[in-house]
Undergrad: 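My questions will all concern the structure given below.
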Amino acid sequence: MTNFNVIAATDATGLAEPFDARHLIDGRWQASADGATFERASPAHGSLVTRASRGGPQDVEMAISAARTAFDNGTWSQTSGKDRATLLLKVADLIDRERDRIALMETMESGKPISQAKAEIEGAADLWRYAASLARTMHGESHNTLGNDMLGMVLKEPIGVVAIITPWNFPFLIVSQKLPFALAAGCTAVIKPSEMTPATTAILGELVIEAGLPTGVVNIVLGYGDPVGAAMTTDRRVDMVTFTGSTAVGKAIVSAASGTLKKVSLELGGKNPQVIFPDADLDGAADAVVFGVYFNAGECCNSGSRIIVHEDIADDFVGRITALSRKVPFGDPLDPETKVGAIITPEHCAKIDRYVRDAAAGGAEIKLGGGALPVPGLNGQFYQPTVIANVGSQMPIAREEVFGPVLSVLTFRTLDEAIALVNDAEYGLSAGVWSDDVHTCLEFARRAQAGTVWTNTWMDGFAELPFGGVRESGQGRELGRYGLEEFLEAKTVMMRIGRTRTPWVDPQTA
Ligand code: NAD
């Protein structure tokens, strides 16, 4: 395995003992009503990491009741922006205090590198602080130009009880893209983390209680999509579902939620292209491409999993990428030097490999990698950094989410051709362009059909800027002011000034 930069098992000990995760319902930590549990092992090390209560219909019922009661009695929904902000800031400080503990759990459950996990927890604390700023500054509209006898107002009100359903790839960061914004708006919540990564959401539950959030405002039910997630999407007492996960489950949620016409916001998958022009900073582009495809082992909605390279530079550029790929440290996620850790499950690792085999059978050329990566001293599952050229635009590997460290390379001759390839997709999450010509970048930014466009950069993100997808990548936006708006309803109030209303019926009529 000398071809790759493999980080063998470290001496780091991981967890002293497995985490015991239970539901948080109406301010109390509870086992499942039927006593059921499930376990999670480290995808890198194989060791038991978490024993969690496995929610059923009764647990969901109690959690939704608690969230509904807490919303309706106004203990949170009628507090001032100042009070909400104070509490959100307190949670942010507690997240900072617990950073190392949360990051370790995140690494042990998800397989992501510890240095990355720490950065994600810091990023999550920042989101809580940003949401606190929104809690104090949100406002509606007033209309003072409707005539002398009329004043109009648009009040912003919390939408109500929000069901939050999250995936395993960024468990703590994604719940922090939703929950503080929902709380800033005045909503109450029932949260279901992925069955793969329940622990850090449970730790967040500890922190919101310690910060002093009123009972029942945040509830957490652990367990599987069916029955926990499914019950959260059909219950009439839930006003909104905010979901991050696969497009297939997103579609199932839209149809489940249609029975009660609750609002649904969705952050789904992507097959995100970067277009590389010959006049670009090719070293910078190559580094960003390698980062974009291997970050989080490619298990990332924003994975830059396909590049579209100008024909004149394709061979040179692929050479740069394969050379850089060999240098990326893959291996034990507990080693602070590691940049790419384990694949979430053996089944998912096999799925990644099937995409690669099928592409090769269909005529694509494996330039690098294309198989499992043994890591000395570990018995978890890892996949090699993989680069595949000669990929046809209709091949599954060019269109579907592989969700692994696998890069597909396509080529183009003209800007129109590149844009056509970018937009010939079911997904529309993000897209990027690399060129030193500002006109090329602007034209690309306008014509690419995606929720986010990066020019001469990849995968930057800011609390201030909205994030979300078009087409089958989702609906609605997270982050920024848009992220708060998702959790607000607009109520129109019209007020007559004085007894000026013209009667509809003439009282003098006989
Ligand atoms: P998933 O869709 O399998 O599961 C996501 C969550 O939904 C889990 O908590 C799961 O238990 C729950 N669930 C499953 N079936 C359900 C049902 N019928 N009703 C309600 N809930 C149900 O996704 P995953 O494998 O955990 O995560 C990977 C996916 O998430 C990828 O497709 C990735 O692109 C996407 N993702 C998107 C973004 C984004 O912001 N666009 C961010 C991260 C991940």
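Both counts, for ligands and for their atoms, begin at 1 and track the order of listing. Heads up: numbering here begins at 1 and tracks the sequence. Fair warning: this is a prediction, and the values are worked out from it, not measured in the lab.
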Undergrad: Does ligand 1 come near enough to I165 that some N or O of the ligand is less than 3.5 Å from an N or O of the residue?
TA: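 Looking only at distances, the answer is no, because the N/O contact criterion of under 3.5 Å is not met.
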Undergrad: Both conditions, 6.0 Å and 45 degrees, for the charged tip of R54 above the ring of Y224: are they met here?
TA: yes
Undergrad: Pairs of nitrogen or oxygen atoms closer than 3.5 Å, one from T233 and one from ligand 1: do any exist?
TA: no
Undergrad: Quick one: look up the protein heavy atom nearest atom 32 (O) of ligand 1 and list residue, atom name and how far away it is.
TA: E401 OE1, 2.7 Å
Undergrad: For ligand 1, which atoms sit closer than 4.0 Å to a heavy atom of P167?
TA: 24 (P), 26 (O), 27 (O), 44 (C)
Undergrad: Check this for me: does any side-chain nitrogen of one of R22 and D59 sit under 4.0 Å from a carboxylate oxygen of the other?
TA: no
Undergrad: Any N or O of Y224 that comes nearer than 3.5 Å to an N or O of ligand 1?
TA: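 Checking ligand 1 against Y224, no N or O pair falls under 3.5 Å apart.
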Undergrad: Do any heavy atoms of I253 fall under 4.0 Å from ligand 1?
TA: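 The answer is yes: ligand 1 sits under 4.0 Å from a heavy atom of I253.
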Undergrad: Looking at F467, which atoms of ligand 1 are within less than 4.0 Å of one of its heavy atoms?
TA: 40 (O)
Undergrad: Is there any N or O on T166 that sits under 3.5 Å from an N or O of ligand 1?
TA: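 By distance alone, the answer is yes.
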Undergrad: Any heavy atom of A230 closer to ligand 1 than 4.0 angstrom?
TA: yes
Undergrad: How does E478 reach ligand 1, if at all, at less than 4.0 Å between non-hydrogen atoms: by side chain, backbone, both, or neither?
TA: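 The answer is neither.
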Undergrad: Below a 4.0 angstrom heavy-atom separation, can you tell me which part of S246, side chain or backbone, both or neither, approaches ligand 1?
TA: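 It is both backbone and side chain that touch ligand 1.
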Undergrad: Are there more than 12 heavy atoms of other residues, nucleotides or ligands under 6.0 Å from atom CZ of R101?
TA: yes
Undergrad: Taking atom 14 (C) of ligand 1 as the point of reference, which of A252, G225, G245 owns the nearest heavy atom?
TA: G225
Undergrad: Between ligand 1 and W168, can you find any atom pair, the residue atom being a heavy atom, that is separated by under 4.0 Å?
TA: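 Flag set, W168 near ligand 1.
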Undergrad: May I ask you to check if ligand 1 and K192 share an N or O to N or O distance below 3.5 Å?
TA: yes
Undergrad: Output the distance between atom CD1 (I209) and atom OG1 (T215), rounded to the nearest 0.5 Å.
TA: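 Those atoms lie 8.0 Å apart.
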Undergrad: Restricting to non-hydrogen atoms, name the atom on S65 and the atom on R237 that form the minimum distance, rounded to 0.1 Å.
TA: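 S65 and R237 have their closest heavy atoms at OG-NH1, 3.0 Å.
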Undergrad: I'd like to check which ligand 1 atoms, numbered from 1 as shown, lie under 4.0 Å from a non-hydrogen atom of N169.
TA: 43 (C), 44 (C)
Undergrad: In terms of heavy-atom contacts, does CD of E17 have more than 12 from other residues, nucleotides or ligands at under 6.0 Å?
TA: no
Undergrad: Enumerate the atoms of ligand 1 whose separation from the nearest heavy atom of F243 is less than 4.0 angstrom.
TA: 2 (O), 5 (C), 6 (C), 7 (O)
Undergrad: Less than 4.0 Å between a side-chain N and a carboxylate O, is that true for K178 and E486?
TA: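 Looking at E486 and K178, the cut-off is not met.
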Undergrad: Counting only heavy atoms from other residues, nucleotides and ligands, does the tally under 6.0 Å from CZ of R51 exceed 12?
TA: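 Count not over threshold, so no.
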Undergrad: Considering only heavy atoms, does F403 approach ligand 1 within less than 4.0 Å through its side chain, its backbone, both, or neither?
TA: side chain
Undergrad: Under 4.0 Å from atom 18 (N) of ligand 1, is there at least one protein heavy atom?
TA: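 Under 4.0 Å from atom 18 (N) of ligand 1, zero protein heavy atoms found.
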Undergrad: Is there a protein heavy atom at a distance of less than 4.0 Å from atom 34 (O) of ligand 1?
TA: yes
Undergrad: Using a heavy-atom cut-off of under 4.0 Å, does the side chain or the backbone of I174 touch ligand 1, or both, or neither?
TA: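 Contact part for I174 vs ligand 1: side chain (C-beta onward).
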Undergrad: Check ligand 1 against G269 and write out every atom of the ligand that is under 4.0 Å from a heavy-atom position of the residue.
TA: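 Counting atoms of ligand 1 from 1, those under 4.0 Å from G269 are 34 (O).
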Undergrad: Give a yes or no on whether a salt bridge exists between K112 and E106, defined as a side-chain N under 4.0 angstrom from a carboxylate O.
TA: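 Result for this pair is no, no salt bridge flagged.
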Undergrad: Where is the nearest protein heavy atom to atom 36 (N) of ligand 1: which residue, which atom, and how far?
TA: C301 CB, 3.6 Å
Undergrad: Any nitrogen or oxygen of E195, side chain or backbone, less than 3.5 Å from one on ligand 1?
TA: yes
